[in-house]
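Only heavy atoms go into these numbers, but all of them, side chains included; no hydrogens, no water, no symmetry mates. We're numbering straight along the sequence, starting at 1.
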Amino acid sequence: MSYSRPSGLATAACLREQGVPFVVLERQDCIASLWQKRTYDRLKLHLPKQFCQLPKLPFPEDFPEYPSKKQFIQYLESYANHFDINPHFNQCVHSARYDDTSGFWRVKTAEVEYICRWLVVATGENAECVVPEIDGLSSFQGEVIHACDYKSGESFRGKNVLVVGCGNSGMELSLDLVNHQASPSMVVRSSVHVLPRQVLGKSTFELAVMMLKWLPLWLVDKIMLLLAWLVLGNVEKYGLKRPSMGPLEMKNTKGKTPVLDIGTLDKIRSGDIKVVPGIKRFNGGGQVELVDGQKLHVDAVVLATGYRSNVPSWLQEGELFSKNGYPKMPFPHGWKGNGGVYAVGFTKRGLSGASSDAVKIAQDIGKVWKEETKQKQQRTTACHRRCISQF
């Protein structure tokens with residue numbers, strides 16, 4: 001049993017290749033619901049397509065290096081069709097627990113209880129929105145939305161918009177707002193690595209992957225920061241302070257992804273996007289007070305404050321997953337638990353990490369499935385021979 005995120009589709013495809021029967025559950029009414037329902041219109045993959053394709057089926061050759069949201073959804077739907085993956089839609093899992101007596105997992109939705117030998121948790125790192133508690137926000141009379149509900153800056157044309165968060169989503173939404181003649185102010189509460197998406201026509205991520213084959217991580221980090229300085233200049237003078245830890249080390253140890261600039265920095269330089277410090281409180285009349293004493297008038301607030309796992313709300317298991325909804329063991333050891341439970345898409349390494357997990361999980365389940373199927377066939381054959389002998 002798996003779930004209909006890209007990581008779940010990847011696992012299902014690999015199980016199909018292993019000959020293992022499976023059921024895929026999806027709480028919404030479509031494949032890859034996060035991409036279809038909770039992403040903004042201008043979204044493109046931040047990494048080149050070869051690092052985002054799922055196992056066994058590459059992107060079409062005529063797709064651009066950075067496929068659009070529409071193209072990625074098209075790819076996922078084609079992927080499901082190619083491997084004959086037919087999710088059970090509108091099946092929101094309320095609970096899943098291992099039954100020691102039977103040795104099976106009991107997975108309950110509102111209408112059905114599924115019984116399965118193996119459970120693959122593929123709900124991912126982005127299952128639920130994170131909405132921070134900010135003093136006075138609940139009484140703010142303007143529009144407040146999370147980034148998952150943002151589609152386009154068109155509805156914010158001519159407005160002063162406060163974007164809370166400076167990750168890839170916060171940066172890209174701020175750029176989209178400017179392109180629709182809105183006036184965004186972006187809240188940057190902590191340090192952030194901003195890297196160019198490409199250097200001399202080559203993907204920054206691809207360059208890092210190539211260098212890591214030959215050089216230690218600390219040296220690759222230094223080279224990446226040097227390249228960023230050469231291409232982008234000193235970003236700290238615009239309020240974007242860099243962390244003391246390198247971008248790759250931070251990604252590996254803390255799961256925090258560096259921002260890949262796609263034009264936002266130019267708008268920050270020009271003053272079209274204002275960078276502001278943390279929020280102290282929202283006052284009445286659309287006024288927000290910042291920690292440095294500044295006071296801004298804003299018409300709307302977009303919370304680009306990220307997502308979290310929802311695993312603790314439904315999975316009754318305490319060995320593979322911790323209370324925060326992520327595997328206890330760090331990558332690459334957090335994909336397998338006891339009793340036939342697996343985790344896919346929780347590596348904080350994007351689609352390539354999920355694909356790697358999917359292949360390992362399917363191979364692990366497939367090995368047991370084939371051994372048990374072989375033993376069953378041998379017992380059936382032996383029984384058949386005894387029956388013939390007795391006859």
Apart from V130 itself, residues in the same hydrophobic cluster as defined by side-chain heavy atoms under 4.5 Å
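Answer for V130: none, a lone residue.
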- Message: For residues 188-197, which residue pairs pass the side-chain hydrogen bond (donor to acceptor under 3.5 Å, both in side chains) check, not counting sequence neighbours?
- Response: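 As it turns out, the side-chain hydrogen bond (donor to acceptor under 3.5 Å, both in side chains) pairs with a partner in residues 188-197, which skip direct neighbours, are H193-R242.
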Subject >> Hydrophobic cluster of M250, others only, ordered by chain and residue number, side-chain cut-off 4.5 Å >> reply: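 Members alongside M250: M245.
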### Residue pairs involving residues 133-175 (criterion ring pair (Phe, Tyr, Trp, His ring centres under 6.0 Å); sequence neighbours excluded)
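Pairs touching residues 133-175 that pass the test: F140-F282, H146-Y307, Y150-F156.
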Any carboxylate oxygen within less than 4.0 angstrom of a Lys/Arg side-chain nitrogen, looking at R97 and E317?
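Here R97 does not pair with E317 in a salt bridge, since their nearest N and O are not under 4.0 Å apart.
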| task | Only counting residues at least two apart or in another chain, list the ones meeting ring pair (Phe, Tyr, Trp, His ring centres under 6.0 Å) with Y66. | result |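 Partners of Y66 under the ring pair (Phe, Tyr, Trp, His ring centres under 6.0 Å) test: none.
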When you check the gap from the basic side-chain N to the acidic O, do R281 and E289 get nearer than 4.0 Å?
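Salt bridge between R281 and E289, a charged N being under 4.0 Å from a carboxylate O: yes.
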Under the ring pair (Phe, Tyr, Trp, His ring centres under 6.0 Å) definition, can you give me all pairs with a residue in residues 234-261, not counting sequence neighbours?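 Non-adjacent pairs meeting ring pair (Phe, Tyr, Trp, His ring centres under 6.0 Å): zero.
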Between L303 and V291, is there shared hydrophobic-cluster membership here, with clusters defined by ILVMFWY side-chain heavy atoms closer than 4.5 Å?
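Each belongs to a different hydrophobic cluster.
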task = Could you go through the salt bridge (charged side-chain N to carboxylate O under 4.0 Å, His left out) check for R27 and E128 one step at a time?
result = CA-CA 13 Å; R27 65 178 174 179; E128 303 291 344; 3.3 Å; yes
Not counting sequence neighbours, list each pair that qualifies as a side-chain hydrogen bond (donor to acceptor under 3.5 Å, both in side chains) and has a residue in residues 67-83.
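Residue pairs with at least one partner in residues 67-83: Q36-E77, T39-K69, S68-Q71.
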Mind checking side-chain contact (heavy atoms from CB on, under 4.5 Å) for D29 and listing every partner two or more places apart, or none if nothing turns up?
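K37, N90.
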| message | Does R106 form a salt bridge (charged side-chain N to carboxylate O under 4.0 Å, His left out) with D99? I'd like the steps, not just the answer. | response | CA-CA 7 Å; R106 306 178 75 93; D99 186 339; 3.5 Å; yes
Test item: side-chain donor near acceptor, S203 and Q198, under 3.5 Å:
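Result is no, nothing qualifies.
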What verdict does the side-chain contact (heavy atoms from CB on, under 4.5 Å) test give for V23 and Y114, after you've listed the backbone C-alpha separation in whole Å, the side-chain angles of each residue and the deciding distance to 0.1 Å? CA-CA 9 Å; V23 171; Y114 297 87; 4.2 Å; yes
Lys/Arg N to Asp/Glu carboxylate O, K49 vs E65, below 4.0 Å: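 Here K49 does not pair with E65 in a salt bridge, since their nearest N and O are not under 4.0 Å apart.
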Exercise. If a pair satisfies side-chain hydrogen bond (donor to acceptor under 3.5 Å, both in side chains) and one of its residues is in residues 344-359, list it, with sequence neighbours excluded.
Key: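 Passing the test, one end in residues 344-359: N252-R349.
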Quiz item: Residues two or more places apart in sequence or in another chain: which of them pass side-chain contact (heavy atoms from CB on, under 4.5 Å) with D84?
Solution: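 Checked D84 against side-chain contact (heavy atoms from CB on, under 4.5 Å); matches are R16, N86.
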Quick one: name the residues clustered hydrophobically with L195, using the 4.5 Å side-chain heavy-atom rule over I, L, V, M, F, W, Y, and just say none if it's on its own.
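Noted: L195 shares its cluster with L47, F51, F205, V209, L260.
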Margin query: So, using ring pair (Phe, Tyr, Trp, His ring centres under 6.0 Å) as the criterion, who are the partners of Y326 when residues are at least two apart?
Written below: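 For Y326 there are no ring pair (Phe, Tyr, Trp, His ring centres under 6.0 Å) partners, ignoring immediate neighbours.
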